[in-house]
Amino acid sequence: MLHEILLSLSGHPSPLLTAELSNTDSSSSSAALSPSERQLLASAAHLSDLHVKLIKHAARITASHPSTVCRAIATAIQSVHLAALRRKVLEVEAGILRHDPDLVGAYGIVPLTAVMGEFQQWTRRLEWLWEVVQFVEAKDADGRLCWGARAIDRLRAELQSGYRDVEEAAQTLVAAAETAWLRQVSAWIFYGRLPSATGGEDFFIRAAESPDEDYVSVPGLLPAFVTPATARSMLFIGRSLNQIRARSTTLSTASDFNNTASKLQAIADLKSPLNSASFTGTIRDIRQSLSQDILEQILPLSEVMSTMQLLREFFLLGRGEFAMAITQEADERIRGRWRRAGNLVSDKEGGGSVQNVTVRSGEVSAALARAWASLSSFEQRQSDDSDALLDRARDLLRLQLVKSKPDIAAHARPGLSEAAVALLADAPFNALLFSVPVTLAMQLPPAVDMVLSPSDMQLYGCINSYLVSLRRAHIRLTDLWKLTSLRRHYPGPRGATEYARELRQRWSARSQVLRGTWTTASAAIFFLGETEAYFQTEVVAGLWRGFRAWLTGEAQQQDAHDVVGAVATADEMDISDDGADDGEAKDDGAFQRARAPATRPTTSSSSAAAAAAGAPRKDRHDQQTLASGHAVYLDTLVHRLLLTQDAYTRPLYALLVHIDHLVTHIQRLHGIFTSVDLETDAGVVDAFADLAAEEAQVLQRLRGVERSVRDAIDDVVAALERLSVDEAFLQVWEGEGAVAAQMEEDLAPPGEVYRPARVGGLNRLLVQLKFGT
């Protein structure tokens, strides 16, 4: 019987032991067992049953579970805990054979209590291991087996159970699980390789299905100790290694960066359970080493600065002539389109169907090409030097039709909420230029996609459509003043005839009719001028200056100058005890010296690139830090341009539409007046037109549009007033949310984190608008 108990505890099923417990016949030997002996046998049967089930299920997990981490956990259960239990059984058996007094009593009697007492501590451990095995094999609501990150989180939570034996068991399983996970991470961050098809389903990095991205990170597959910023850095490292392998001609493999062995050793030296801070620091060191050894050769900072300058000049309208050129070409295309539509009536063969009205992609590309030509001629007139940035923009920028909503990844925008991303995707401003959705896009140069993501370019397209629509409305309104015959009438010479007086009366009547129209147009021009000036000089230019200073390292140098200036000021104040006047003068001079770098003029794109190239290597940001800082800069720019505020963009879009109607009606009225003058003065009569009726109809519609424009201006100003007192919006306006999302778990040192520059608030714009009205 004793031998059968030991065999059952070793993991062999014992039908005899089960039969003894279940048999209650008085004639059997089991009837002589006391209740305490039955309890001891039941404990032995329970341990045996747990051991047998653990062997069976752990072997099944090891053989067929899709998760490498879960297979490592099952292997650790087999090789560590179950093997330790079998060694314990052998130790007990050896003690009995040696007649160990702790196990063998007088006359060679082996008490069952002593034997089972040796295995008492194993009961809770095996029960806990069985719970772990059941957890690993269980399926969630979607029918999916447990994945590695979920198993690691469960085991790490068990370290705090309060039971020492459970904590020790959990420690061994956590070490096995984290080691298996670190092997997957090492293959990715050192060689850019994803785990194999067998066991790699639960790795947090996957090959992307979208053509815009090569790899994506799945947050649900991350262990809890891995911060989102650490995951982004690991994704960046592996993606960069793959890009190096695919593009590099001077570097044969992606593992050529220095100290690879030392970095591997740094991963191996991590202690289990992994500490979030130490793991984050190790990943940061690997990322910086990769950046300094290889990525700076492939993507120098001067290339990043040149690309950022291009985005500033053409997407953010740093060159106002670009917006003017593309607006004029778009208007010319629209006029040509409606001229073709007017010929549909006389097209007898029907060949000029709706295709003559629909805007085609070729027309949009041709408009951009003509805009480049006009810009080139303008640059040649201004200067004989060739503009390298303009040539690069001509090669990279594309104006294309939008066939679907912009796919802005919300998970890639830490400073934008999902509601803000959805609002940006539905923004209607891209349909104002050509009357169909059109966006400006850029083909990213090689390796620049390490810093710029597809969602960044989608946001740049949204901002460009927004700014161009404002500029377009402003240009169209100011072009009305070129219709000289509507604005002024030159008096006839002395001794003018009755015809001159008739012309004067005709113009006076028209001037009286259009007085309200010109007033409304002037108010709209003032509103657009002040809004554009605020957005361009305060928001866009202010943020760009701060971001460029951060890119080139001027911000850190400025901080150092400020500290030195402050120390110098303090020293001078301590030294100058001769008199108050002397001290004040010296203090003022030190203050001016400390503030001088902040007020120096901005540099051009070439000088900025030169400054970036000449920056000390230790002051340069790695590519991941650049990408993170640029995301904060872009998200803050979107917020400060009010693109995420539907209460503002909705009435603003309505105002722009009403301005288009106003301009169209005025131009139509000008054509009617011209036809009336020809009919009255030269006798040119159009038999198919009722000019008087058309004039009355257009004037009636013009009065309605004037009211709509004035009401829309009031609505936009009211929306600005509400936003100026909205505390939640003001926090977003300052960009603190984007900075917090970057700094909360960012891998960049505190001194390298980009902070958006502070610019004037909405009150400054409101004061200008209200003063003008």
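Quick note: numbers below take in every heavy atom, side chains included, and nothing from hydrogens, waters or symmetry partners.
- Shortest non-hydrogen contact noted between Arg640 and Arg758 is NH1-CA, 4.3 Å.
- Using a cutoff of 4.0 Å between basic side-chain nitrogens and carboxylate oxygens, Arg394 and Asp391 are scored as salt-bridged.
- Screening residues 712-723 for salt bridge (Lys or Arg N to Asp or Glu O under 4.0 Å), with sequence neighbours left out, gives Glu721-Lys770.
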Table please: side-chain donor-acceptor pairs of residues 467-474 below 3.5 Å, with sequence neighbours left out.
{"residue": "Ser469", "atom": "OG", "partner": "Ser465", "partner atom": "O", "Å": "3.2"}
{"residue": "Ser469", "atom": "OG", "partner": "Tyr466", "partner atom": "O", "Å": "2.6"}
{"residue": "Arg471", "atom": "NE", "partner": "Glu532", "partner atom": "OE2", "Å": "2.6"}
{"residue": "Arg472", "atom": "NE", "partner": "Leu432", "partner atom": "O", "Å": "3.4"}
{"residue": "Arg472", "atom": "NH1", "partner": "Leu432", "partner atom": "O", "Å": "3.3"}
{"residue": "Arg472", "atom": "NH1", "partner": "Asp660", "partner atom": "OD1", "Å": "3.1"}
{"residue": "Arg472", "atom": "NH1", "partner": "Asp660", "partner atom": "OD2", "Å": "3.0"}
{"residue": "Arg472", "atom": "NH2", "partner": "Leu432", "partner atom": "O", "Å": "3.4"}
{"residue": "His474", "atom": "ND1", "partner": "Glu532", "partner atom": "OE1", "Å": "2.7"}

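- A 4.5 Å side-chain heavy-atom check between Asp635 and Leu459 finds at least one atom pair inside the cut-off.
- The two residues Ile189 and Leu241 have their closest heavy-atom pair at O-CD1, 3.3 Å.
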### Working for side chain to side chain contact (heavy atoms under 4.5 Å, CB included), residues Val438 and Asn430
CA-CA 5 Å; Val438 174; Asn430 55 8; 5.8 Å; no
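- Considering OG1 of Thr230 and CG of Leu222, their distance stands at 9.0 Å, rounded to 0.5 Å.
- Here Leu290 contributes atom CG and Gln288 contributes atom CD; the two are 11.0 Å apart, rounded to the nearest 0.5 Å.
- A pairwise comparison of heavy atoms in Val218 and Arg206 identifies CG2-CG, 3.9 Å as the closest pair.
- Here the shortest heavy-atom pairing between Gly542 and Ala757 reads O-CB, 3.9 Å.
- Between Thr520 and Arg710, the side chains place a donor N or O and an acceptor N or O closer than 3.5 Å (distance only, hydrogens not considered).
- Using a 4.5 Å heavy-atom cutoff, the side chains of Leu299 and Val448 are in contact.
- The closest side-chain heavy-atom distance from Met457 to Met442 is below 4.5 Å.
- With rounding to the nearest 0.5 angstrom, the CD1 atom of Ile666 is 7.5 Å from the CG atom of Leu477.
- Remark: Met324 CE is loosely packed, at most 12 non-hydrogen atoms of other residues, nucleotides or ligands lying under 6.0 Å away.
- Checked against side chain to side chain donor-acceptor pair (under 3.5 Å), Asp646 has the following partners two or more places apart in sequence or in another chain: Arg650.
- The two atoms that bring Leu301 and Leu551 nearest to each other are CD2-O, 3.5 Å, heavy atoms only.
- Screening residues 315-329 for salt bridge (Lys or Arg N to Asp or Glu O under 4.0 Å), with sequence neighbours left out, gives Glu313-Arg319, Arg319-Glu379, Arg319-Asp387, Glu329-Arg370.
- Judged by distance alone, the side chains of Asp456 and Ser453 do bring a donor and an acceptor atom under 3.5 Å apart.
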Atom pairs and distances, side-chain donor-acceptor, residues 524-531, under 3.5 Å, sequence neighbours left out:
{"residue": "Thr531", "atom": "OG1", "partner": "Phe527", "partner atom": "O", "Å": "2.8"}

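- In this structure the side chain of Ser240 reaches within 4.5 angstrom of the side chain of Met450, judged on heavy atoms.
- Side-chain contact check for Tyr648 versus Leu762: every heavy-atom pair is 4.5 Å or farther apart.
- In this structure, Leu720 and Leu642 have side chains that are in contact, with non-hydrogen atoms separated by less than 4.5 Å.
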### Query
Under the side chain to side chain contact (heavy atoms under 4.5 Å, CB included) criterion, do Ile659 and Arg476 qualify, and how do the steps go?
CA-CA 9 Å; Ile659 288 175; Arg476 296 197 73 194; 5.8 Å; no
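- Using modelled atom types and a 3.5 Å distance limit, the side chains of Arg287 and Thr625 yield a donor-acceptor pair.
- Evaluation of the salt bridge (Lys or Arg N to Asp or Glu O under 4.0 Å) rule for Arg764 yields Glu538 as partners, not counting sequence neighbours.
- Under the side chain to side chain contact (heavy atoms under 4.5 Å, CB included) criterion, Pro223 pairs with Ala149, Ile152, Asp153, Trp181, Phe225, Val226, sequence neighbours left out.
- Within the 4.5 Å cutoff, the side chain of Leu643 has no heavy atoms near those of the Leu423 side chain.
- In terms of the salt bridge (Lys or Arg N to Asp or Glu O under 4.0 Å) criterion, residue partners of Asp426 (sequence neighbours excluded) are, by chain and number, Lys405.
- Here the rule is side-chain contact (heavy atoms from CB on, under 4.5 Å) with Asn464, and of Leu317, Thr439, Ile326 only Leu317 fits it.
- Screening residues 434-459 for ring-ring contact (aromatic ring centres under 6.0 Å, His included), with sequence neighbours left out, gives no hits.
- Within 6.0 Å of atom CZ in Arg707, 12 or fewer heavy atoms from other residues, nucleotides or ligands are found, so the atom counts as exposed in its surroundings.
- Evaluation of the salt bridge (Lys or Arg N to Asp or Glu O under 4.0 Å) rule for Arg701 yields no partner, not counting sequence neighbours.
- Here the closest non-hydrogen pair linking Phe729 and Gln645 is CD1-NE2, 3.3 Å.
- Side-chain contact check for Ser306 versus Arg392: some heavy-atom pair is nearer than 4.5 Å.
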### Task
For Leu634 and Ile463, run side chain to side chain contact (heavy atoms under 4.5 Å, CB included): C-alpha distance rounded to whole Å, both residues' side-chain angles, the deciding distance at 0.1 Å, then the answer.
CA-CA 10 Å; Leu634 193 55; Ile463 295 174; 3.8 Å; yes
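- Under a 3.5 Å cut-off, the side chain of Trp147 and the backbone N or O of Leu221 do not form any donor-acceptor pair.
- Taken from CZ in Arg360 to OG in Ser365, the straight-line distance is 12.0 Å, to the nearest 0.5 Å.
- If you take NE2 on His658 and CD1 on Ile713, they are separated by 10.5 Å, rounding to the nearest 0.5 Å.
- Put simply, CD on Gln536 and CG on Leu641 are 8.5 Å apart, with the number rounded to the nearest 0.5 Å.
- Here the options are Tyr754, Tyr460, Trp550, the test is ring-ring contact (aromatic ring centres under 6.0 Å, His included), and the partner is His630; only Tyr460 passes.
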### Message
Between Leu390 and Trp372, does the side chain to side chain contact (heavy atoms under 4.5 Å, CB included) criterion hold? Intermediate values first, please.
### Response
CA-CA 8 Å; Leu390 181 61; Trp372 291 133; 3.7 Å; yes
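- Among residues two or more places apart in sequence or in another chain, the salt bridge (Lys or Arg N to Asp or Glu O under 4.0 Å) test is passed with Arg239 by Asp214.
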### Query
Which is it for Trp544 and Phe315 under the ring pair (Phe, Tyr, Trp, His ring centres under 6.0 Å) test, yes or no, and what are the steps along the way?
CA-CA 13 Å; Trp544 167 247; Phe315 278 85; over 10 Å; no
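- Residues meeting the side chain to side chain contact (heavy atoms under 4.5 Å, CB included) test with Ala541, sequence neighbours left out: Arg312, Arg545.
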